[in-house]
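Down below is the structure, laid out as structure tokens.
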Amino acid sequence: MDTMKRLLETRTKMILDLRFYARISMMLKLELNDDIDTARTDGLSIQFNPKFADSLSDNELKAVIAHESMHVAHLHNFRRCGRDQKRWNVVCDYSINGEIKKAGLDLPANALYDPKFNGMSPEKIYGQFHEDCESPENGQPNP
């Protein structure tokens, strides 16, 4: 199946069982971008690397759409307030992924998740996060 068609169909199916995430994601344009490793949002769109999107199960794809939508819903780009961008994105991912797991979705392999951060704001996690903590092997945070 065509990657964009699959993304659109997956997002539409989310309306039935993940209404909250679906509603937020419907306000964002879906785009393909070969220049990124996984997925990201700029607040107006959710961009997917097609190879990454194609590698995900349907449940994982729902999780990534929900994950990127939550970055927008939580206004993460406005809350960074001069904090280190890479570190901020990592702690935001930890904060979001606890919610995603609680919703019953399967996170992709290498997603940043640690149950000790469940229910914590990114600001609180940032204060506890050690400088030496790195994201997965390529240094790029994953959803």
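From a predicted model like this one, the values you see are computed outputs, not experimental measurements. Quick note: residue numbers are just sequence positions, from 1. Quick note: numbers below take in every heavy atom, side chains included, and nothing from hydrogens, waters or symmetry partners.
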Please report the shortest heavy-atom distance between Pro108 and Leu56, naming the atom on each side. CB-CD2, 3.8 Å
Taking the side chain from Asp106 and the backbone from Asn59, do they hold a donor-acceptor pair closer than 3.5 Å? no
Nearest-0.5 Å distance that lies between atom OG in Ser69 and atom CE in Met14: 6.0 Å
Assess whether a salt bridge exists between Asp58 and Lys13, defined as any Lys/Arg side-chain N lying under 4.0 Å from an Asp/Glu carboxylate O. no
Rounded distance [0.5 Å steps], CD in Glu31 versus OG in Ser45: 4.0 Å
Going from NE2 on His71 to CG on Asp42, what distance comes out if it is rounded to the nearest 0.5 angstrom? 12.0 Å
Those residues at least two apart in sequence (or on a different chain) that pass side chain to side chain donor-acceptor pair (under 3.5 Å) with Asp54 are Thr3
Partners meeting side chain to side chain donor-acceptor pair (under 3.5 Å) with Glu99 (sequence neighbours left out): His74
CZ-CG distance between Phe117 and Asn97, expressed to the nearest 0.5 angstrom: 12.0 Å
Hey, does the side chain of Arg6 reach the backbone of Ala53 with a donor-acceptor pair shorter than 3.5 angstrom? yes
Stepwise side-chain hydrogen bond (donor to acceptor under 3.5 Å, both in side chains) check, Tyr113 with Asp93: CA-CA 8 Å; Tyr113 173 73; Asp93 285 353; over 6 Å; no
Working to the nearest 0.5 Å, report the span between CD of Gln47 and CG of Asp34. 11.0 Å
Cluster membership besides Met26, Ile/Leu/Val/Met/Phe/Trp/Tyr side chains within less than 4.5 angstrom, sorted by chain and number, is Ile15
For Ser95 and Met120, indicate whether the former's side chain and the latter's backbone hold a donor-acceptor pair under 3.5 Å. yes
Correct closest heavy-atom pair for Ile100 and Ala63 would be CG2-CB, 3.7 Å
Contact check, side chains of Lys29 and Leu44, non-hydrogen atoms, under 4.5 Å: no
Ala66 and Leu105: which non-hydrogen atoms are nearest, and at how many Å? CB-CD1, 4.2 Å
Are the side chains of Glu60 and Val64 in contact, using a 4.5 Å heavy-atom criterion? no
If you define the side chain from C-beta out and look only at heavy atoms, does anything of Val72 sit under 4.5 Å from Met27? no
Do Phe20 and Met70 come within less than 4.5 Å of each other through their side chains, counting heavy atoms only? yes
Exercise: identify the closest heavy-atom pair between Leu28 and Arg11: O-NH1, 2.6 Å
Of Ile65, Ile36, Thr38, Asn33, the one forming a side-chain contact (heavy atoms from CB on, under 4.5 Å) with Phe48 is Ile65
How far apart are the C-alpha atoms of Met4 and Leu32, what are their side-chain angles, what is the distance that settles it, and do they pass the side chain to side chain contact (heavy atoms under 4.5 Å, CB included) test? CA-CA 7 Å; Met4 183 54 72; Leu32 299 177; 3.8 Å; yes
Distance from Tyr94 atom OH to Ile125 atom CD1, nearest 0.5 Å? 9.5 Å
Contact check, side chains of Leu61 and Leu7, non-hydrogen atoms, under 4.5 Å: yes
